[in-house]
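The block underneath contains the structure these notes are about, expressed in structure tokens.
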Amino acid sequence: FGLKFLSNIDQVYGFEILSREIYLSIWIVVFFLLGLYFLGKIKFSHDSDLQYVGVGRLFLAIATFSFVMYLFTGLLGARLSAVSALIPPQSENSYLSSRATTGSAYNVAEELCGPAKYADKLHLPNGLPGYFDFEQGLACAKEQNKPLFVVFKGHACSNCKKMENTVWQDSEVMNMLSQKYVVVGLYTDDRTKLPEEERFISKVDGEEKDNLGEKNLDLQISKYQTNSIPFHVIIKPDGTEIKMGVTFKDEEFRDFIAKGIQ
């Protein structure tokens, strides 16, 4: 859990020190040592001698080593959905690599309208193409006459990661998002500095907004009167908006995505 909070800081500020692979490797070592401790192979100075391994210790050791094996599959590209809320997300490259290996693919989306701003630092889940700036995404949606799918999210948001690794994995959802929508991911906790000409004084609190996360959060609060994440908005070509907060129900999220193209 200590590593989780360190990872959140690393992602928010874009240090790129504690990658998913490093994070999982540390967890694997820690839990492997814990398993050895349960078996009495490691002993601390205050521990008494272990004459035999009891049933309780044995089951704890089995569970721990099983968890180690599960984590190891994450180094090979597995999504690790059961702990996805606690670990860094897959990078775009590692996701595409695992997708090619497993053969689990959705249809490739059409070309974007142009290079996405901040794409050198940010990426959408599951290898989805898209934007990280609301105005740029909206302009592309108008150009292609497609609905805009906007998700307000955060690097440190556990529910965001859990949703993206559960309900977003539905093949029908991924095909609709990649083919029928222009997708925009707006990180509300990102600390990337805005260019001088894009900085502004907020009408919400009267303070200057000088980074990407503050800009996106100000947009969410001023336009939708909420700062809860994840928060999803579909904007149809005619301007109609459909909103949804957090859900872990596949069918509910699938129906929400389908409404935008009806």
Side-chain angles (χ1 to χ4, degrees), residues 1-104 120-128 153-169 185 187 189-192 213 229-230 248:
F1 287 109
L3 279 175
K4 175 190 182 301
F5 292 109
L6 287 175
S7 174
N8 287 344
I9 295 171
D10 183 69
Q11 292 174 66
V12 167
Y13 286 93
F15 295 143
E16 298 183 355
I17 297 173
L18 198 57
S19 68
R20 180 184 175 92
E21 290 72 23
I22 293 175
Y23 187 102
L24 289 176
S25 297
I26 295 174
W27 262 28
I28 287 170
V29 171
V30 169
F31 281 99
F32 181 76
L33 293 175
L34 177 62
L36 292 180
Y37 179 79
F38 284 139
L39 293 177
K41 302 300 182 181
I42 297 177
K43 189 178 73 170
F44 295 99
S45 58
H46 63 276
D47 292 336
S48 57
D49 291 334
L50 185 66
Q51 301 299 327
Y52 60 90
V53 177
V55 174
R57 274 181 174 265
L58 180 61
F59 276 108
L60 286 173
I62 292 172
T64 303
F65 287 128
S66 298
F67 186 56
V68 168
M69 293 302 296
Y70 175 70
L71 292 176
F72 183 75
T73 64
L75 295 178
L76 304 178
R79 297 190 184 101
L80 303 183
S81 298
V83 293
S84 59
L86 302 175
I87 61 178
Q90 286 180 304
S91 66
E92 184 176 2
N93 288 338
S94 65
Y95 174 78
L96 293 175
S97 175
S98 66
R99 206 180 93 185
T101 301
T102 60
S104 58
D120 57 326
K121 296 182 179 181
L122 304 174
H123 70 274
L124 292 168
N126 309 327
L128 274 174
K153 54 185 292 188
H155 296 292
C157 172
S158 296
N159 281 337
C160 303
K161 296 174 185 176
K162 185 175 179 180
M163 275 196 68
E164 291 166 0
N165 282 278
T166 52
V167 296
W168 282 53
Q169 299 301 325
Y187 287 85
D189 59 359
D190 192 84
R191 294 297 183 265
T192 301
I229 55 174
F248 300 116

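Taking every heavy atom of both residues into account, P230 and C157 meet most closely at CD-SG, 3.9 Å. Closest approach of E16 and D10 over heavy atoms only: N-OD1, 3.3 Å. Contact between L80 and G74 at its shortest, heavy atoms only, is CD1-CA, 3.6 Å.
For Y13, the OH atom is loosely surrounded, since the number of other residues' heavy atoms within 6.0 Å does not exceed 12. More than 12 heavy-atom neighbours from other residues, nucleotides or ligands sit within 6.0 angstrom of OH on Y37. At most 12 non-hydrogen atoms from other residues, nucleotides or ligands lie less than 6.0 angstrom from CZ of F32.
You'll find the side chain of F65 reaches within 4.5 Å of the side chain of L36, heavy atoms only.
Of the possible donor and acceptor atoms, one in the side chain of S81 sits under 3.5 Å from a partner among the backbone N and O of N165.
There is no side-chain donor-acceptor pair under 3.5 Å between E21 and S25. Side-chain atoms of E164 and N126 form no donor-acceptor pair, as typed in the model, at a separation below 3.5 Å.
Using bins of under 30°, 30° to 60° and over 60° for the plane-to-plane angle, the ring pair W27/Y23 lands in the tilted bin. Note: H155 and Y187 have parallel aromatic rings, judged against thresholds of 30 and 60 degrees for the angle between ring planes.
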